[in-house]
Number of protein chains: 2
Amino acid sequence: MRERNLAVVLEQVVRCQPVTRARLAEHTGFTKTTVSNLLAVLEGAGLVQDGALVQGGERGRPGIAVSVNGDGAAALGLEINVDYLAACVLDLGRRTRYHQLVTFDNRGRPPESVIASLGRLAAEAVAAAAGQGLNVAGAMVAVPGLLDRENGLVRRAPNLGWTDVPVSTLLRDALPDLPIPAAHDNEANLAALAELWFGDGARHGGFIHVSGEIGIGAGIVMDGQVLRGTHGFAGELGHLIVEPGGAPCTCGGRGCLEQSAGQDAILRAAGLPAVTATTAAKPDGPIKALIALLERSDPRALAALDGAGRALGATLASAVNLVDPGAIVLGGIFSPLAPWIRPAVEAALAEGGGSLRTEVPPVVASELAGNAAVLGAAGVVIERVIGHPALLLPS
Amino acid sequence: MRERNLAVVLEQVVRCQPVTRARLAEHTGFTKTTVSNLLAVLEGAGLVQDGALVQGGERGRPGIAVSVNGDGAAALGLEINVDYLAACVLDLGRRTRYHQLVTFDNRGRPPESVIASLGRLAAEAVAAAAGQGLNVAGAMVAVPGLLDRENGLVRRAPNLGWTDVPVSTLLRDALPDLPIPAAHDNEANLAALAELWFGDGARHGGFIHVSGEIGIGAGIVMDGQVLRGTHGFAGELGHLIVEPGGAPCTCGGRGCLEQSAGQDAILRAAGLPAVTATTAAKPDGPIKALIALLERSDPRALAALDGAGRALGATLASAVNLVDPGAIVLGGIFSPLAPWIRPAVEAALAEGGGSLRTEVPPVVASELAGNAAVLGAAGVVIERVIGHPALLLPS
DNA sequence: CATATTAGTAAACTGTATGGATTAAATAGC
DNA sequence: GCTATTTAATCCATACAGTTTACTAATATG
């Protein structure tokens with residue numbers, strides 16, 4: 001009961017940043033007394049802070065600005081990817097307080113070893129946070145692959161070569177005593193949530209965030225939540241069929257989008273060498289090369305992106321008809337490539353996304369690009385703290 | 001606060017039908033005293049009822065069976081369709097207490113006139129309910145078309161020829177004084193919810209309910225809720241493209257699923273006359289003829305269904321990859337045609353729905369067929385009563 | 001028939017939000 | 001420069017809702 005009301009008030013504080021108690025009372029529907037009491041509890045937990053005086057109306061006593069305590073609790077976001085590990089710490093004000101990315105070729109490395117490295121990275125992050133007066137409240141790991149979140153394992157991460165790895169459990173051992181224990185989620189889902197919280201995804205209502213990496217995933221955000229599906233496998237945009245009977249795909253099908261618009265396919269079509277284990281270790285190395293070609297208006301590269309964009313757009317047209325997003329956000333490698341790929345995507349989308357609605361959703365490039373997943377991971381922890389502030393109360 | 005707890009208890013009563021107070025206390029986490037108090041309130045509102053004694057364990061005092069009062073509140077479901085109007089009344093135990101279907105060719109009739117007819121049908125239903133001791137708590141109308149639920153209007157219902165009709169408002173005038181005022185929702189969405197509540201959709205977790213009518217729609221149910229999309233247009237399965245550059249569609253695109261697996265397309269491929277305004281007035285007339293052909297193993301009809309099934313399956317494969325449903329439910333005309341269309345659907349689905357998951361969701365036929373939408377409409381009202389029992393409290 | 005066991009109720013208790021009165025701090029007008 | 005007015009925040013008594021504890025009711029076991 002009180003727990004819920006604490007969350008309501010804290011949520012409102014987060015949304016309106018510097019607010020007076022009087023405004024909070026109006027917005028939440030509680031009485032001013034109740035707001036004061038709840039804020040006292042939150043302040044005791046180090047979650048909010050009184051600030052300067054604020055003059056609301058024309059006259060009358062000025063209110064005290066209440067805002068989120070940027071130096072109280074913090075959230076740790078982690079990411080395991082094919083060619084790097086990353087960590088970041090965000091405070092409750094959603095500012096980045098620490099960020100670290102270590103390139104690493106994780107393919108084939110034993111999961112325990114990878115997670116040990118990640119644990120070290122996490123420990124450094126926690127220490128760095130502590131140095132800034134921040135207490136890490138919880139952690140979340142982004143992983144590329146299919147997850148079983150209930151049992152806390154990574155079911156299959158084909159690009160890492162993992163099967164049934166209990167990431168959360170292993171990480172909990174490395175990071176004991178967090179009020180919110182470490183958990184994990186899919187990279188594409190977290191990247192989409194990052195767009196919602198840190199990009200301008202919120203402006204569009206629901207949206208589809210397309211994560212272009214070696215594979216192509218999508219995070220579908222509706223009503224502020226990720227659409228997970230019955231088994232948690234929703235958003236497999238990369239395996240929609242664009243070319244029936246086309247090139248065989250790793251999934252066993254033929255003509256999957258990934259074969260037309262995946263990173264390898266684009267590079268190949270542009271006449272660049274496909275990614276190998278060694279080049280993969282340099283993040284966006286091959287993409288940089290591609291962009292260089294595009295900036296020189298290399299015809300082959302331009303055609304490659306046009307083709308990929310048309311395939312992506314046609315696939316997204318299906319997604320638009322099924323899910324009715326307010327926008328399409330191009331993330332991952334599609335974010336830096338947006339200037340060249342977007343026109344084709346929009347054209348193909350306009351052709352197929354018709355249906356009965358009048359307009360097709362706008363296609364925008366994510367500003368977060370490669371950092372989306374880590375930020376999203378930290379964001380989930382922040383949301384959890386805001387949704388359950390009671391977890392951080394001094395008992 | 002109390003409102004919420006009343007809902008929790010009532011929900012539990014509905015789920016476990018005859019339960020003792022002790023069991024309710026266990027399931028809800030409340031104390032026995034609290035459960036007793038809340039039940040007293042619910043009983044006062046005529047929502048629940050004490051029944052016979054029930055012997056739970058081996059010995060000890062037997063408990064009093066509490067169950068939903070079947071003769072208290074009731075829900076009115078209504079449906080406007082191209083060739084009929086329908087009404088049904090369900091009690092809180094989800095039993096059908098009244099059902100009426102009137103064939104009517106509603107195409108081109110002025111909306112006011114259609115709604116006046118519907119209002120009469122609704123008034124009859126309310127009277128019939130009253131005759132059985134039931135108080136209608138609220139009403140919901142199923143409409144085929146794109147809706148603006150916030151403003152209570154039907155934006156476009158192409159098959160009816162309607163634009164911007166304030167259905168809810170008009171119906172509220174016809175049915176005043178309901179504790180839960182009349183509202184409307186999309187036919188496909190309500191049919192899907194009916195499958196969840198009255199069919200066996202609940203067994204599958206999330207699912208996609210395909211409503212085959214003149215057009216093809218889909219209701220996507222996840223976590224017990226319909227996926228509506230940003231503008232409420234989600235589920236437009238009929239306008240996914242199966243055959244790039246194929247036959248032009250009413251939506252402006254080419255090669256939409258509707259052109260391959262819609263009712264008209266199937267009938268045409270089977271060598272039957274397409275639906276006209278006059279034949280349409282007889283519900284499932286043309287489908288009956290088609291089934292007769294199929295039962296005689298007419299090769300053209302069989303081929304027609306095979307082709308439609310392949311197209312449908314290929315489209316559903318996209319939907320499966322995007323949304324990860326636990327099952328595909330064939331509703332509307334696909335329900336009676338399931339024996340002939342399902343094999344092709346499953347085959348196409350198995351080809352394209354691969355992705356990284358191991359198995360494709362099962363394809364099942366809905367048992368509700370044509371009644372799904374009305375039932376779903378009434379079901380929404382029931383859910384609302386259960387979720388907000390306070391609305392029916394004697395003030 | 002006593003005892004163990006389960007179901008339900010009654011009375012006192014506790015935590016939480018509300019309501020009205022009170023104090024505090026600023027502006028506007030005379 | 002004073003008072004009146006407006007707005008902000010707090011204090012205290014009250015009401016509400018669910019818990020705790022104790023008790024009664026109804027059945028089976030030995």
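All chains are named by letter (A, B, ...) in the order of the sequence lines, taking the proteins before the strands, and each is independently numbered beginning at 1.
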Next on the checklist: So B/Val35 and B/Leu24, do their side chains get closer than 4.5 Å, heavy atoms only?
Outcome noted: yes

Checklist entry - Whole Å only: how far is the CG atom of A/Asp50 from the C1' atom of D/dT10? => result 13 Å

Next on the checklist: For B/Leu392 and B/Leu47: C-alpha separation, side-chain torsions, deciding distance, then whether side chain to side chain contact (heavy atoms under 4.5 Å, CB included) applies.
Outcome noted: CA-CA 9 Å; B/Leu392 299 186; B/Leu47 294 173; 3.9 Å; yes

Checklist entry - Rounded to whole angstroms, how far apart are NZ on A/Lys32 and C1' on C/dT16? => result 19 Å

Item to check | Residue mapping more 5' on DNA chain C - nearest nucleotide basis, A/Glu3 or B/Ile64 | outcome: B/Ile64

Item to check | Side-chain N,O (A/Ser36) to OP1/OP2 (D/dA9) below 4.0 Å | outcome: no

Checklist entry - Over how many whole Å does the gap from A/Glu26 atom CD to D/dA9 atom P extend? => result 11 Å

Next on the checklist: Quick one about B/Thr34 and B/Thr31 (side-chain donor to acceptor, distance below 3.5 Å, no hydrogens or angles considered), yes or no?
Outcome noted: yes

Checklist entry - OP1, OP2 of C/dT6 versus side-chain N and O of B/Arg23: anything below 4.0 Å? => result no

Item to check | Short side-chain N/O contact to D/dT7 OP1/OP2 from A/Arg21, under 4.0 Å | outcome: no

Checklist outcome for this item: Its contact letters, B for base, S for sugar-phosphate only and - for none at protein heavy atoms under 4.0 Å, make nucleotides 18-25 of chain C read BBB---BB

Next on the checklist: If you define the side chain from C-beta out and look only at heavy atoms, does anything of B/Met222 sit under 4.5 Å from B/Asp324?
Outcome noted: no

Item to check | Atom pair distance, as rounded to whole Å: CG in A/Leu39 and C1' in D/dC11 | outcome: 17 Å

Checklist entry - More than 12 non-hydrogen atoms from neighbouring residues, nucleotides or ligands closer than 6.0 Å to CG on B/Asp148, yes or no? => result yes

Next on the checklist: The test is side chain to side chain contact (heavy atoms under 4.5 Å, CB included); show your working for A/Arg228 and A/Asn189 and say whether it passes.
Outcome noted: CA-CA 8 Å; A/Arg228 302 206 119 88; A/Asn189 288 343; 3.9 Å; yes

Checklist outcome for this item: Here the distance between atom C1' of D/dA17 and atom CZ of A/Arg4, to the nearest Å, is 17 Å

Checklist entry - When you check the phosphate oxygens OP1 and OP2 of D/dG18, does a side-chain N or O of B/Arg2 lie under 4.0 Å from one of them? => result yes

Next on the checklist: Within a 6.0 Å radius of atom CD on B/Gln225, are there more than 12 heavy atoms belonging to other residues, nucleotides or ligands?
Outcome noted: no

Checklist entry - A/Asn5 side chain N/O closer than 4.0 Å to the phosphate oxygens (OP1, OP2) of C/dA17? => result yes

Checklist entry - Among D/dG18, D/dA9, C/dA7, which is the nearest nucleotide to the side chain of B/Ala22? => result C/dA7

Checklist entry - Taking CE from B/Met1 and P from C/dT16, how many angstroms apart are they, rounded to a whole number? => result 11 Å

